[in-house]
Amino acid sequence: MKRIILTAACAAALFSHAAMAGELTGASIGLDYNTLMNDDNGRLDKKTLSGSAEYGIDPNFSLQGDLAYAKVRSLEADGYEATVHGIYHANDTASFGVFAGRSDSNELGLGLNYTGLEAGLEFGAFESDIYLASGTQNDMNATLLGLGTTYNASEAASVGLSYDRAEVVTLDASRVQLEGEYRIGQYAVTAQVGHAKFEDAYSDNYIGVGAKMTFGAKRGATFDRRGILEAWPGL
């Protein structure tokens with residue numbers, strides 16, 4: 001928890017400095033709910049309150065910060081995530097970033113520090129992104145990776161497909177997710193359906209819904225949130 005607060009404080013300090021030279025280019029706040037579908041697994045469900053903000057230092061460079069709080073009801077557990085991104089906008093269609101953050105939950109035994117690289121591309125009606133991160137959990141190595149593509153069917157509607165994988169200590173987990181989003185002005189509702197696999201434990205389908213409000217750029221901040229609590233349903 002102390003490291004989460006320290007990471008958030010560093011993000012605030014960086015944003016304060018950036019704000020003197022630039023402006024808020026995009027932000028979002030959202031509430032999400034998802035649940036694993038197999039009753040034998042105790043109906044693991046998760047609620048997440050999150051926010052992201054991005055400050056443009058100049059047309060090519062920006063800083064992004066993410067904060068999230070998640071509650072897993074059936075395990076009586078909660079968790080926190082904080083991530084800071086440094087972003088280079090090569091042009092109107094390509095962005096590249098480095099990020100660092102922490103996923104933390106005492107009840108889940110989670111205390112993961114991570115750093116990584118990410119990239120986002122836009123081509124016509126499609127948007128794609130990819131990330132790769134490494135970190136430590138209890139002095140043991142961890143790896144996170146993911147990629148996704150979104151098709152913007154119209155100004156109001158989009159559909160996306162994504163894949164995420166994590167190897168943390170002895171856990172090897174992956175998920176495949178299909179997501180739809182419908183936007184009305186700065187407001188959006190989302191729905192997800194997917195399949196999560198936890199190696200040597202179980203696999204399960206899941207569903208999710210969410211709502212968010214964006215500011216500045218239509219997509220809010222440039223990159224999605226990163227971390228274990230963000231990626232895995234029911235955890």
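We count residues from 1, following the sequence as given. When reading the values below, keep in mind they use all heavy atoms of this one structure, side chains included, and skip hydrogens, waters and symmetry mates.
No side-chain donor from either of Tyr206 and Gln192 sits under 3.5 Å from a side-chain acceptor of the other. Looking only at atom types and distance, the side chain of Asn205 has a donor-acceptor partner in the side chain of His195 under 3.5 Å away. One side chain, Glu54 or Thr222, offers a donor N or O that lies under 3.5 Å from an acceptor on the other. Side-chain contact annotation: Ser28 with Thr214, donor-acceptor N/O pair under 3.5 Å absent.
The minimum heavy-atom distance linking Tyr114 with Ala82 is given by the pair OH-O, 3.9 Å. Residue Ser158 comes nearest to Asn152 through the heavy atom pair CB-OD1, 3.4 Å, listed as atom of the first residue, atom of the second, then distance. The two residues Arg225 and Ala68 have their closest heavy-atom pair at NE-CB, 3.8 Å. The two atoms that bring Glu81 and Leu229 nearest to each other are OE2-N, 2.7 Å, heavy atoms only. Taking all atoms of both residues into account, the shortest heavy-atom contact from Ala70 to Thr48 is CB-OG1, 3.8 Å. Closest heavy-atom contact between Ala94 and Leu121: CB-CD2, 3.5 Å.
Using a 4.0 Å cut-off between a side-chain N of Lys or Arg and a carboxylate O of Asp or Glu, Arg226 and Asp129 qualify as a salt bridge. Using a 4.0 Å cut-off between a side-chain N of Lys or Arg and a carboxylate O of Asp or Glu, Arg165 and Asp172 qualify as a salt bridge.
Between the side chain of Gln64 and the main chain of Phe223, a donor-acceptor pair closer than 3.5 Å is present. Of the possible polar contacts, one joining the Asn60 side chain to the His89 backbone as a donor-acceptor pair under 3.5 Å is found. One N or O on the side chain of Ser105 and one on the backbone of Asp78 form a donor-acceptor pair closer than 3.5 Å. Between the side chain of Lys212 and the backbone N or O of Ser50, no donor-acceptor pair lies under 3.5 Å. Looking only at distances, a side-chain donor or acceptor of Gln137 sits under 3.5 Å from a matching main-chain atom of Gly111.
Residues His85 and Asp66 are in side-chain contact: their nearest non-hydrogen atoms beyond the backbone lie under 4.5 Å apart. Considering only heavy atoms from C-beta on, Leu145 comes within 4.5 Å of Tyr163 through its side chain. The shortest side-chain heavy-atom distance between Val189 and Val209 does not fall under the 4.5 Å cut-off. You'll find the side chain of Ile228 reaches within 4.5 Å of the side chain of Leu144, heavy atoms only. No side-chain heavy atom of Leu161 sits less than 4.5 Å from a side-chain heavy atom of Thr149.
The aromatic rings of Tyr131 and Phe99 sit perpendicular, their planes meeting at an angle over 60°, well past the 30° parallel limit. In this structure, Tyr88 and Phe61 have tilted ring planes: the angle between them lies in the 30° to 60° band.
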Subject >> Test side chain to side chain contact (heavy atoms under 4.5 Å, CB included) applied to Thr143 and Leu132, step by step >> reply: CA-CA 8 Å; Thr143 302; Leu132 175 64; 4.2 Å; yes
**OP:** Verify side chain to side chain contact (heavy atoms under 4.5 Å, CB included) between Leu31 and Tyr33, making sure each step is shown before the conclusion.
**Re:** CA-CA 7 Å; Leu31 181 63; Tyr33 171 84; over 6 Å; no
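Rounded to the nearest 0.5 angstrom, Ser62 OG and Tyr55 OH are separated by 12.5 Å. Between atom CG of residue Leu147 and atom CD1 of residue Ile130 there is a gap of 5.5 Å, rounded to the nearest 0.5 Å. Rounded to the nearest 0.5 angstrom, Ile207 CD1 and Asn34 CG are separated by 9.0 Å. Atom CD1 of residue Ile57 and atom CD1 of residue Ile87 lie 9.5 Å apart, to the nearest 0.5 angstrom. Annotation: the span from Glu179 atom CD to Gln177 atom CD amounts to 5.5 Å, rounded to 0.5 Å. Atom CD of residue Glu127 and atom CD of residue Glu122 lie 4.5 Å apart, to the nearest 0.5 angstrom.
Annotation: Asn91, atom CG; neighbour count of heavy atoms from other residues, nucleotides and ligands within 6.0 Å is above 12.
Residues passing the side-chain hydrogen bond (donor to acceptor under 3.5 Å, both in side chains) test with Thr136: none are found, sequence neighbours excluded.
Under a hydrophobic-cluster definition in which Ile, Leu, Val, Met, Phe, Trp and Tyr are linked whenever side-chain heavy atoms come within less than 4.5 Å, directly or via other members, Val159 and Val193 are assigned to the same cluster. Leu49 is not connected to Met213 by any chain of hydrophobic side-chain contacts under 4.5 Å among Ile, Leu, Val, Met, Phe, Trp and Tyr, and they are in different clusters.
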